[in-house]
Each structure stands twice: as structure tokens, then as C-alpha cells.
Amino acid sequence: MSGGGLLVAGTTSDAGKSVVTAGICRWLVRQGVKVAPFKAQNMSLNSFVTREGAEIGRAQAMQAQACRVEPTALMNPVLLKPGGERSSQVVLLGKPVGELSARGYHGGRQQRLLGTVLDCLEQLRGTYDAVICEGAGSPAEINLRRTDIVNMGIARGAGLPVLVVGDIDRGGVFASFFGTVALLSPEDQELVAGFLVNKFRGDVSLLEPGLDMLHGLTGRRTYGVLPFRHGLGIDEEDGLRVSLRGAVRESTVAAPVGEDVLRVAVCAVPLMSNFTDMDALAAEPGVVVRFVDRPEELADADLVVVPGTRGTVRALEWLRERGLADALRRRAAEGRPVLGICGGFQVLGQSIEDDVESRRGRVDGLGILPVRVRFAREKTLARPVGEALGEPVEGYEIHHGIAEVLGGETFISDDHGNSLDGCRVGKTWGTHWHGSLESDGFRRAFLRKVAAAAGRRFVPAPDTSFAALREEQLDRLGDLIEQHADTDALWRLIESGAPQGLPFIPPGAPA
């Protein structure tokens, strides 16, 4: 018999589906329930590599951590990685299978994948007591309903009850809840069990009359009102949760251990991928991380990071257009710290031969590191381990570019001192490894190098554990569900499905 299930949908993108799903997962696992996350189709530049070498969305990897299980490709069978305004790389069961335009994908390919995603979901439900599924965007996107495989398409196919999350901080949540249901067909509406209000500020008693009226209008109850909390937006998929010049996340920078803070400027390159690499830096007391797009904003930075990108050649052009390329060269020549990660490492090299991603052929890099990059059709997907700066380090690789290192010093090596990845020249470092800064000892050693080069009396905190901080965040999400949702009613939904006899709300889906 298949395990229980629930689809967490939203009135809009960024309504809180990812964190609510993670919160429900963490609450369930603390009750002794064997639970797994699932998202049929994810569009994201934030991805992760599982232990079997499959690429999935980072949100699902985070949700798997909330479940205290290893992430697998089954949890996110379709990943779309945007490569421009109109096309995306399609990653199926963890492996890239080609580039498609939005019209080509929605015009037929997507619907053909429904059987695949339903099979993955069924495999998970056969293994776990419960599977908590996350939708995408809104289930009421009527122009896409015919080919939908991630919202009502998967709910109908698997008989899942649907909980609709709305962000009340944006305003208009009652109209959004009502309109979402009213634009669905009668068959889809039968699965929409009710609502969950997210990011509420103030006295809940003032909201209750509206919730009662919503129940009267729709016949559907509200399963909880989650209060607004800062700093819960972990591993998002839909975009940067900050303005270009805003601090990373909504976190408060802790007081430094030493006398100085350390300022980190991250170049906000186009199609930025895995910006979550910066979270480990931002978690360090006294480290201030900002995203920038002007050369003058590098002037007072102690470290400049060129992050990963899905468009390496486009990022290189953007750096030149903005004047950031010259600023990076000057920094390197002056011996001021620069770190390139993945695509950011590639742009720091001498040249890029790209007949795969941009198909621009040979392009000159910034010439800061003695590296030549050639794009291979096969994508590198790996979970390597090594040593850097005298400390153990691990990460994950997601790239088409193959780096030929022609000089400089070894950055990351194996136990015998043989080079594994990246290189260093002066105070410029480059690596393909995402997630390396989550290795606490390595991060502290690297920040000490940066502080010394910058002349800052900054001291890394001796006890910051990024893994422990992530666990604390996940527990806070579980607490939100446990304390502010009707968990008994939620469990009945997961175990037994949507209530019978839910009323139809006109007009329904357009014919």
C-alpha cells in the first residue's frame, strides 16, 4: 500500500511553498514518521549533486535534510535550468538531456514526462510513510493546466490532497485563496482541501473573521496561520531573496570576534547559480556579504567573489560592460583577495572554448589565473573531498567547463598533495567546487588568509558550525508548523486525503 501524501501549492511564486514543505517534513520526522520530499518539476539555478551523482534542486536537498534522509533523483525528477529568457536545460532524473525553449517544453515534452514523475512519486510512496510534495508557481495558471505535471496534474494523477499557501505579507491573500480555487475545474477543486496563511504579522484574532468568511465562501478551512519570521528563506529556487545591494538573506550580522568586520562583495553576474555558496560566509559572525553590480562597490571590499553562473561567457561580457572586469584585474594586481567559484573561476582564466553553452567558440578570459577552459558536452556531476589550506574540504561539482591549469599553486589537493581542483596566484583563488565554504575548518582558514591580506583584525569564530546552523533553521521551520498549524488535521489530510463533498466554486476552469 502506498504511503500518505500531500501537495503544498501556493497562490503565487515565493508564497512560501519550499519552507512550508520543509517545515511539515521536519515536524513529521520528529513525530517518528518516515517522510520524503518531492517536487515533480523545479525551475532553478540553485542545484545540488546527490551521492549517486544526480543533479536536483537545492530546495529538495534541503527538504531531504529536513526529513533526515539522503536526497535522491526521485525527489526532483525534472529540473529546468534557465539559460536565457526563452530556453532552459532539461535535467531528467539527475542528468541533462538537452536544451528546450519554453514553447517546445510546454508544447509536448512536459506532458510526456507525467508518467515518469508519477512513477518516481509512487516509488517514494512505496518506501516512505508520507511524501510531502511541493508545487510550483500557482495551480491556477490556466494557460498551462493542460500540460501541468507539478501542481494539479500530479495531484490528480496521484490522488493527493492539496494545501494552498498564501503570503499575507504581500496583501490580497483572501482574494488569492478564493481566486485560486475558483479558476480550477470541478475535478481539481475536489482535491483542494484548504489553506495555510504564511508570514502573518500581528494579532491572529483580527484575522479570524476573514478566515471564517473564507470558509463560508469556499467550504474549505484554514489549517494554520504562520507568523512572520526573519531568516527562514533557505535554499530558495526562484531567485535571489535580496536586492543587488542588500545583505544576504534577512539575517542579522553577529558581532565580530575580533576587532574588525570582514566585507565581502559578490558580483551579481547574470544567471547566477548556487548563490547559496554565500550563506556559509554570511553565517560567520562579523562577515558582511553584499551583492554588487558596480566597480566602485569593490573598493572597500576585503574579499570579492565571482560566483557560479549558467552563462559563463555572458557573465564575462557583463563584467566587462560594467567595468567590473578591470576592477577585478586591478584588485588581483594589487594583491587584494578574489575568489572565483565554478563559472566565476572560469572567467578568471586566460581563455574559454565554448561550443556547448554559449556556442561562441574561443573567448578571452580576464587573464588573472593561468587556466584554459574547454566546455565539454558531458556535464561534470560529482561530490569530491580533499584538503585545502591544511583543512579537510568537501563540495559538489556541476559544470561543463574543463579547466586546464597551466601554473600557479595548488588550491585543493588529495591526501598525498596531488592537485584535485582549482589554483591560486597571489591572493586570487579559483575552484569549481560549490559548497566548499560549508566545511568549517577550511572556511575559517580561508577567512584568516583574507583578513591578513586585507589588513583586517578579523578573527573567525572558533565554534561556528554551518551544519548546526542549518539544523537550527530546519527545527525552527518544524516549530512553526507544530505551534501554529492544526497538525492533527494536517495528518488526517496526509493519511486519508481531501475531505469528501467539498463544494464547487464557480466559474471553474475556462473551457
Side-chain angles (χ1 to χ4, degrees), residues 46 229-236 239-269 272-309 319 322-324 327-328 330-332 334-341 344 389 427-429 431 434-470 472-473:
N46 275 343
R229 292 285 186 270
H230 284 283
L232 292 180
I234 50 180
D235 291 11
E236 297 92 349
L240 214 52
R241 285 287 302 262
V242 294
S243 66
L244 280 179
R245 291 181 257 310
V248 170
R249 300 290 183 267
E250 299 159 334
S251 57
T252 302
V253 178
V257 174
E259 296 179 44
D260 285 345
V261 298
L262 209 61
R263 296 171 176 84
V264 179
V266 184
C267 297
V269 296
M272 192 188 314
S273 61
N274 288 68
F275 59 80
T276 48
D277 283 336
M278 301 305 108
D279 287 358
L281 290 177
E284 280 287 344
V287 175
V288 182
V289 181
R290 299 172 70 82
F291 289 86
V292 303
D293 65 347
R294 298 194 300 243
E296 58 268 27
E297 293 175 300
L298 307 189
D300 66 346
D302 303 307
L303 169 67
V304 173
V305 180
V306 187
T309 171
L319 290 169
R322 294 271 177 162
L324 287 160
L328 286 167
R330 285 195 298 271
R331 279 190 71 90
E334 294 165 0
R336 302 180 66 199
V338 176
L339 172 65
I341 301 175
L389 305 182
K427 296 300 183 292
T428 299
W429 295 265
T431 176
H434 292 291
S436 61
L437 293 165
E438 295 179 21
S439 298
D440 298 325
F442 165 69
R443 182 180 65 253
R444 286 192 277 269
F446 178 69
L447 290 176
R448 282 193 288 269
K449 291 278 189 186
V450 170
R456 295 284 186 188
R457 290 177 298 228
F458 169 85
V459 179
D463 55 354
T464 300
S465 166
F466 185 76
L469 290 172
R470 170 56 52 86
E472 288 175 14
Q473 280 188 307

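Counting from 1, the numbers follow the sequence of the chain as shown. Computed from a prediction, not measured in an experiment: that's the story for all the values here.
Rounded to the nearest 0.5 Å, atoms CZ (F466) and CG (D279) are 5.0 Å apart. From L447, atom CG reaches atom CZ of F442 across 9.0 Å, with rounding to the nearest 0.5 Å. The CG atom of L328 lies 6.0 Å from the CG atom of L298; values are rounded to the nearest 0.5 Å. Going from atom CG of N46 over to atom CE of M272 covers 9.5 Å, rounded to the nearest 0.5 Å. Separation of atoms CZ (R294) and SG (C267) is listed at 13.0 Å; rounding is to 0.5 Å. Distance check, rounded to the nearest 0.5 Å: OG1 of T431 to CG of L339 gives 8.0 Å.
Between A301 and A265 the shortest heavy-atom distance is CB-CB, 3.7 Å. Closest non-hydrogen pair, A461 versus R444, comes out as O-CD, 3.1 Å. The minimum heavy-atom distance linking V269 with P307 is given by the pair CG2-CG, 4.0 Å. Here the closest heavy-atom approach between residue V266 and residue M278 is recorded as CG2-SD, 3.5 Å. Closest approach of V292 to E297, counting heavy atoms only: CB-OE1, 3.4 Å. The two atoms that bring R456 and R263 nearest to each other are NH2-NH1, 3.1 Å, heavy atoms only.
With sequence neighbours left out, S436 forms a side chain to side chain donor-acceptor pair (under 3.5 Å) with no residue at all. Evaluation of the ring pair (Phe, Tyr, Trp, His ring centres under 6.0 Å) rule for F446 yields W429 as partners, not counting sequence neighbours. For the salt bridge (Lys or Arg N to Asp or Glu O under 4.0 Å) test, no residue two or more places apart in sequence or in another chain qualifies with E472.
Here the side chains of R448 and L389 are not in contact, with every heavy-atom distance at 4.5 Å or above. Between K449 and K427, every side-chain heavy-atom pair lies at or beyond the 4.5 Å cut-off. The closest side-chain heavy-atom distance from F458 to V450 is not below 4.5 Å.
For R336 (side chain) and R331 (main-chain N/O), no donor-acceptor pair under 3.5 Å exists by modelled atom type.
The residue from V459, L303, V289, D302 that alone fulfils the side chain to side chain contact (heavy atoms under 4.5 Å, CB included) condition with L262 is D302.
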